[in-house]
Protein chains: 6
Amino acid sequence: DFLNALDEVTPAFGVAKEELEQVVENGIIHFSPSIDEILRSGELFVDQVRTSTRTPLVSVLLHGPSGSGKTALAATIAQASQYPFMKLLSSDSMVGFSESQKVAAISKIFADSYKSPLSVIVVDGLERLLDFTPIGPRFSNAILQTLVVLLSRRPPKGRRLLIISTTSNRPILTDLGLAESFDAELRIPPISALSSLVYVLDEVELFHDRAQRDMAIGLLQQAGFDSNDETRSRLNIGVKRLLSVIEMSRQEPEAVAERLTTSLMGLGM
Amino acid sequence: DFLNALDEVTPAFGVAKEELEQVVENGIIHFSPSIDEILRSGELFVDQVRTSTRTPLVSVLLHGPSGSGKTALAATIAQASQYPFMKLLSSDSMVGFSESQKVAAISKIFADSYKSPLSVIVVDGLERLLDFTPIGPRFSNAILQTLVVLLSRRPPKGRRLLIISTTSNRPILTDLGLAESFDAELRIPPISALSSLVYVLDEVELFHDRAQRDMAIGLLQQAGFDSNDETRSRLNIGVKRLLSVIEMSRQEPEAVAERLTTSLMGLGM
Amino acid sequence: DFLNALDEVTPAFGVAKEELEQVVENGIIHFSPSIDEILRSGELFVDQVRTSTRTPLVSVLLHGPSGSGKTALAATIAQASQYPFMKLLSSDSMVGFSESQKVAAISKIFADSYKSPLSVIVVDGLERLLDFTPIGPRFSNAILQTLVVLLSRRPPKGRRLLIISTTSNRPILTDLGLAESFDAELRIPPISALSSLVYVLDEVELFHDRAQRDMAIGLLQQAGFDSNDETRSRLNIGVKRLLSVIEMSRQEPEAVAERLTTSLMGLGM
Amino acid sequence: DFLNALDEVTPAFGVAKEELEQVVENGIIHFSPSIDEILRSGELFVDQVRTSTRTPLVSVLLHGPSGSGKTALAATIAQASQYPFMKLLSSDSMVGFSESQKVAAISKIFADSYKSPLSVIVVDGLERLLDFTPIGPRFSNAILQTLVVLLSRRPPKGRRLLIISTTSNRPILTDLGLAESFDAELRIPPISALSSLVYVLDEVELFHDRAQRDMAIGLLQQAGFDSNDETRSRLNIGVKRLLSVIEMSRQEPEAVAERLTTSLMGLGM
Amino acid sequence: DFLNALDEVTPAFGVAKEELEQVVENGIIHFSPSIDEILRSGELFVDQVRTSTRTPLVSVLLHGPSGSGKTALAATIAQASQYPFMKLLSSDSMVGFSESQKVAAISKIFADSYKSPLSVIVVDGLERLLDFTPIGPRFSNAILQTLVVLLSRRPPKGRRLLIISTTSNRPILTDLGLAESFDAELRIPPISALSSLVYVLDEVELFHDRAQRDMAIGLLQQAGFDSNDETRSRLNIGVKRLLSVIEMSRQEPEAVAERLTTSLMGLGM
Amino acid sequence: DFLNALDEVTPAFGVAKEELEQVVENGIIHFSPSIDEILRSGELFVDQVRTSTRTPLVSVLLHGPSGSGKTALAATIAQASQYPFMKLLSSDSMVGFSESQKVAAISKIFADSYKSPLSVIVVDGLERLLDFTPIGPRFSNAILQTLVVLLSRRPPKGRRLLIISTTSNRPILTDLGLAESFDAELRIPPISALSSLVYVLDEVELFHDRAQRDMAIGLLQQAGFDSNDETRSRLNIGVKRLLSVIEMSRQEPEAVAERLTTSLMGLGM
Ligand SMILES: Nc1ncnc2c1ncn2[C@@H]1O[C@H](COP(=O)(O)OP(=O)(O)OP(=O)(O)O)[C@@H](O)[C@H]1O
Ligand SMILES: Nc1ncnc2c1ncn2[C@@H]1O[C@H](COP(=O)(O)OP(=O)(O)OP(=O)(O)O)[C@@H](O)[C@H]1O
Ligand SMILES: Nc1ncnc2c1ncn2[C@@H]1O[C@H](COP(=O)(O)OP(=O)(O)OP(=O)(O)O)[C@@H](O)[C@H]1O
Ligand SMILES: Nc1ncnc2c1ncn2[C@@H]1O[C@H](COP(=O)(O)OP(=O)(O)OP(=O)(O)O)[C@@H](O)[C@H]1O
Ligand SMILES: Nc1ncnc2c1ncn2[C@@H]1O[C@H](COP(=O)(O)OP(=O)(O)OP(=O)(O)O)[C@@H](O)[C@H]1O
Ligand SMILES: Nc1ncnc2c1ncn2[C@@H]1O[C@H](COP(=O)(O)OP(=O)(O)OP(=O)(O)O)[C@@H](O)[C@H]1O
Ligand SMILES: [Mg+2]
Ligand SMILES: [Mg+2]
Ligand SMILES: [Mg+2]
Ligand SMILES: [Mg+2]
Ligand SMILES: [Mg+2]
Ligand SMILES: [Mg+2]
């Protein structure tokens, strides 16, 4: 059943693509120019792996706060590459695995990628793959060592590999000696401008009419969410969490704006 | 016998419902408006999971002091949902399990829930499920990592899941990096108002006559339990512990009021 | 042979009763009124479990210094209940067990108790059951978690259970988060009054004649053991250790009083 | 082969006696009155176990510096008892055993003793049985817990047991919570009086003639070994180490006195 | 399959040579005189092992910052020896191995070398072979002990062995007690002189024409990379990282110089 | 294959002798009187074990800095004894062994020695046998406990055993409680006098002619290696390391003296 377990995490190519689609559940909302820049940088790395003869391996790190959209953006870049091998490596598919099963599952995905001339692997949620807990700290050194080697190991002759990793805990990568393994880093920022927030609210059609919208904006401004200076803004929320708060507010149609504002304030921003 | 052990914790649907009923042993006594508010919030989350297309997963945390009624309230909300899959996940049914058996049992309940279009799981007593001990501290990192993933993992397409977790040790969830996994939190307060205390005493008919009741209230007031200011009140007891103290006092019919007051004072409030 | 090992610790009911008798090796000497109060309180808990419908589970903790008679008193209360299921759970019957065997043995005793409508379990020497050592500290977290759950878990419908636990190390129960599991606590004090000491000496007939007795009392008074103020008394010895010192002194018939006084002083009281 | 290993450590009764004889390799030299007192105390404990009905178990601890003669004295007391069951429990016969094999071997010796009406066990070198190392500190908690229980557990009805333990590290017994397990303690002092030293030298006939003896005593006095005040004496050596130093000196017949004095000084006394 | 795993890491001699070639992916660029000195020193050690009768074993350590070219230089020296046995020992070929499998694989390579009269082993990336992580720190003591012994153990009679080890973490070798195992050390410096940098840029033909080259040099000077004093230079980059930065810059033909300068500055030099 | 592994480490008697010869690779150079004194002391211990009836076991410790010649001297003393059983116990023959295999291999050598009336065992490199690492520190407590017992355990009746242990880390033996196990200690000093250094240079015929020799001595004096006061001398090198430095220097015939002096200075003396 260990082999069965591994089979489950190694679906056919088509399924892997579906996996990448599934994590972009609510699409990409272009609420800020930085979103486009990130996607464009991703495109460049995809090109470099395809063309350069000197660097058959490129490792990129996407980092940002919890729920800022790292997984969705990494999956979007990977899918756009149209490489013959595309794969999502995440702890979601390793629940209940022992440490050695996790090591085996991770190694297998890399071994599989070496069979394709051009591959992209999304290594999603490094801190989770490492079973990291701040108390101690505790983590799996076996998985860490496996990742350190795999993130730097040359693919076999004639094979090329792009690795896109994500983490919501950038500092521990330095502590663990994992930060040196990346050729480049991209920061995924949270939403902190009121204009971005409103962009999302409009996109998901939270409000029934303009009056409700105006009232909401008024409430948000009163709550101190309208600073233009990003570092001083009280607003600081990942797009994933924002979508969750929006859906909760939607349950009370008669008090959407109040619920939204209270929830955003309750998040301790 | 490992499989047998797992079978034991995976009873048929009907039994699961019975489990939820059993933990509300002494009913819900409405001794304070906050009880009704908690139950109403629970109803809203039940609605959100049923209706919103953007949030197929909602995780709620009920936290409060030992014996404050968390398990009974979580079970009451879950039962009221009338979802086709309702399940209580608690360490009570995992006595003697090894760490990997616990991980397997927890994973199985979530895997089972994914087979139903609409599910609710009560994850009861997080600190206990984690085998947490303040000395060290010690806990099962394997179970922690399993829970962190399961509390955030999207259910498969077309499935929706409400998770209601409880804990009497809220601070450690932050230390363990588990707090971020919840979409919302509800605090279950202890009884601190004399009026709430008397409401319960009346409900369970501790006193034989009004004279005995008046004397008891007098004694309780003398003991300093009558402050209206919640933060200054000497009274601070979970409803579960209060019911236990009441039953002990009932054994000495001739000295019920004295025994009750002394016991409440002895609890070091 | 693991199963054999478990069989050995699960004797028939009659044997269990004999076990309870055996630990009250030297009877109960009523050297102080507190002994009677403890026995009376025990009786009340026995009644509560038998009669109250709201509290089918009651957990009591007996704590006091080493050798103060905790095991003998707990066994005496349990035996007096005359419940159909009475059981002594002690590390004496788990020598050489692995951690998981201990967990299994403990769980089995509770599982057995659930088969009887009315049960009492003496959980003797908690610190020993937990394999506790102050250096580290070290203890079995698996056994601790098992005990925390079992001390609070509701028995199945229609079953009632009284748990009487003992420990000579009350403070660690708080550190380990185990203290909250008990509904009530009783302290078993050491012997600190000279009158109690003399009561025991008379009871076991250490002296051959009144002269010898008078001389011994004189010596004990000179040694500073006659303070009436308990907190200032130099005398501070558990009844079990006292009986041991008495028997040693008895070996030198010609110098009983001297030997007794010297031994009591040598114990560093 | 585990069973074979256990068989090896459980020789027939006669062999056990031989074991006890063997550790008193060089006899008992009565170099000081304290030696006789220790042997007499041992006799009294032997009597108590044989006669008292209230204390079927007595545990005694012999402690003193390395090489002070603890093992030889414990074995001498045990042998003199002439009890039907006499046994030496030492790590010498457990080399290469795993922790659980050691626990099993220890338990087996106690189980064997319970088959005889009257038994004595020499538990030799507690710190060694516990696999104790000061760095950490490290020790086997499984063996510690086994010993704590076995040193206090009542033998079955009708059986009596004397336990004589030895250690060269008395303080750690307190740290480990093992000190409370003993009913009495005897200290085995090192040799610190010049007269005792000379007594031993004469007994083993180190010197060829009186002149050599006189010169040696002169040298030892010059080296500062003649203080009569024990606490100030520079002399401080266990009899076992002293015998070893003597035999080394004996190899240089022409310079025995010098070699002896230099060696004793080199030991950093 | 453990044996299979070992077989995979023990390819025939010819393959081993190919392995050594493969890690010198981008050739050796002679950007500084120190490169030639390192290669010449390597030649001398090769001669010593071949000729001296007193030192059949020589261990050399190459250390320097991440990406400074250690592996490529060690492989180049080994290949040039033309010894009958040449082998690369690296964690790249041990992904997913357990600790004991790693120990076995390492031991096997040394055992194989003992079959050849003249051997060279490149022990590449000591910190990685040891599974070293700065947090804790954690590392495999079993692998460390194996390496300490193998780095100093005399080969069998008539066999000679040159060991070339590399590490990017020289300080931990001292902490681990591994530094004493080496007969000599060579430091591999990063690129810090602008002239060396330009040498590499020319070698890999990054620029299309002289104008572009001049502009780039100008930009680099402005950025503070032209100090001649090595210790004050802002430039500090391993040749491997430099090649990676160059290939990235090459993707934007219209802005090569800017991208190069920005990337070098972004590396926090 | 575990048994096979053990067989490999237990060669026939003749082979064991060959092992002892092999470690004295470059002979014993009598560069200082202390070498003769050490060898003479060794002879005395050999005599004591052969003749004294009171001490059938003698344990000696040889300690000194890395490469000072401990192993060669211990092997020389052992070989000179001409005892029927002579054995080298070293981690060189235990590469890849698990902890329990090491314990078994060590125990087996001692068990084998007990079959011969007169035996000598060289226990070489205690810190290595213990798998000691200063970080932590880490070491094998199982091996430590095995050695502590074996170094003190009386051989069976009629058997005599000399144990010669070596270590380059004397202080940790005290920390580990292992120092008390030895009857005597001998310090093996490094080379610190210029005369000793020159003695070795002459012995291995490094120089072609007297002129070269004079120049070398001149250079060494200039470098500060000519102090006669040992504690102030800058010279401080084990004979093993010195021989290694000499052979390196020999590779550059045209610059032997310079290379030698530079190397000795580079060793940070
Ligand atoms: N511009 C955007 N960037 C990223 N995600 C977006 C964007 N707009 C909408 N989304 C949606 O927001 C969600 C982002 O969730 P995602 O899981 O990617 O966040 P995350 O940062 O990986 O979270 P976590 O820290 O929990 O791993 C997805 O449902 C995605 O469809
Ligand atoms: N308003 C109320 N809320 C919750 N429980 C109530 C209420 N009124 C009565 N009860 C009864 O009080 C008891 C509450 O016990 P419960 O096990 O839920 O507490 P808990 O907070 O989960 O305790 P623990 O901290 O030990 O897990 C139940 O028997 C329940 O029937
Ligand atoms: N009043 C008394 N209370 C308790 N024990 C008594 C009393 N009088 C006499 N005894 C005797 O004293 C002994 C008490 O020993 P017991 O094992 O119960 O002590 P303990 O406190 O459990 O010791 P430990 O701390 O070692 O577990 C028993 O032999 C018992 O028969
Ligand atoms: N008076 C004495 N008391 C004890 N031993 C004596 C005495 N006289 C001579 N001996 C001899 O001295 C030796 C004492 O060694 P023993 O092993 O008993 O010491 P130990 O204190 O147990 O040592 P360790 O601390 O190493 O366990 C024995 O050989 C014994 O025969
Ligand atoms: N002078 C040089 N020295 C070393 N490598 C060079 C040199 N010139 C070019 N290179 C190329 O630079 C790369 C050096 O990478 P290499 O893996 O050897 O670095 P490293 O120091 O071992 O890195 P890491 O610290 O990651 O182990 C190789 O591709 C090699 O071909
Ligand atoms: N006087 C001497 N004493 C010891 N060894 C000598 C002497 N003269 C020459 N040698 C040679 O020096 C070498 C000493 O190496 P040896 O392995 O004994 O050192 P060591 O102290 O055991 O080293 P390590 O600390 O690494 O264990 C051997 O090759 C030996 O033949
Ligand atoms: Mg994510
Ligand atoms: Mg609860
Ligand atoms: Mg007790
Ligand atoms: Mg001893
Ligand atoms: Mg490298
Ligand atoms: Mg050596």
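Not measured: the values here are computed from a predicted model. Chain naming here is simple, since letters A, B, ... match the order of the sequence lines and numbering starts at 1 in each.
When heavy atoms are compared at a cutoff of 4.5 Å, F:Phe139 approaches chain D by way of both its backbone and its side chain. Contact annotation for F:Arg50: neither backbone nor side-chain heavy atoms come within less than 4.5 Å of a heavy atom of chain D. Of the two parts of F:Pro56, only the side chain, counted from C-beta on, holds a non-hydrogen atom closer than 4.5 Å to a non-hydrogen atom of chain D. Heavy-atom distances place no part of F:Ser152 under 4.5 Å from chain D, backbone and side chain included. Only the side chain of D:Glu25 comes within contact range of chain F, judged by heavy atoms closer than 4.5 Å. Only the side chain of F:Leu150 comes within less than 4.5 Å of a heavy atom in chain D; its backbone stays farther off.
Formation of a donor-acceptor pair under 3.5 Å by the F:Ser59 side chain with backbone atoms of F:Leu151 is found in this model. Within the 3.5 Å criterion, the main-chain N or O of D:Pro65 finds a donor-acceptor partner in the side chain of D:Lys70.
For F:Glu99 and F:Lys102, the salt-bridge test fails: no basic side-chain N is under 4.0 Å from an acidic carboxylate O.
The candidate with the highest count of non-hydrogen atom pairs below 4.5 Å against chain F, out of D:Val23, D:Thr133, D:Leu243, D:Ile246, is D:Thr133. Counting heavy-atom pairs closer than 4.5 Å to chain D, the top-ranked of the candidates F:Leu144, F:Asn141, F:Asp47, F:Ile143 is F:Asn141. For the set F:Arg153, F:Glu180, F:Lys157, F:Arg54, the count of heavy-atom pairs under 4.5 angstrom toward chain D peaks at F:Arg54.
In this structure, a donor-acceptor pair under 3.5 Å is present between the side chains of F:Thr71 and F:Asp124. At a cut-off of 3.5 Å, with distance as the only test, a side-chain donor of D:Gln79 or D:Glu21 sits close to an acceptor on the other residue.
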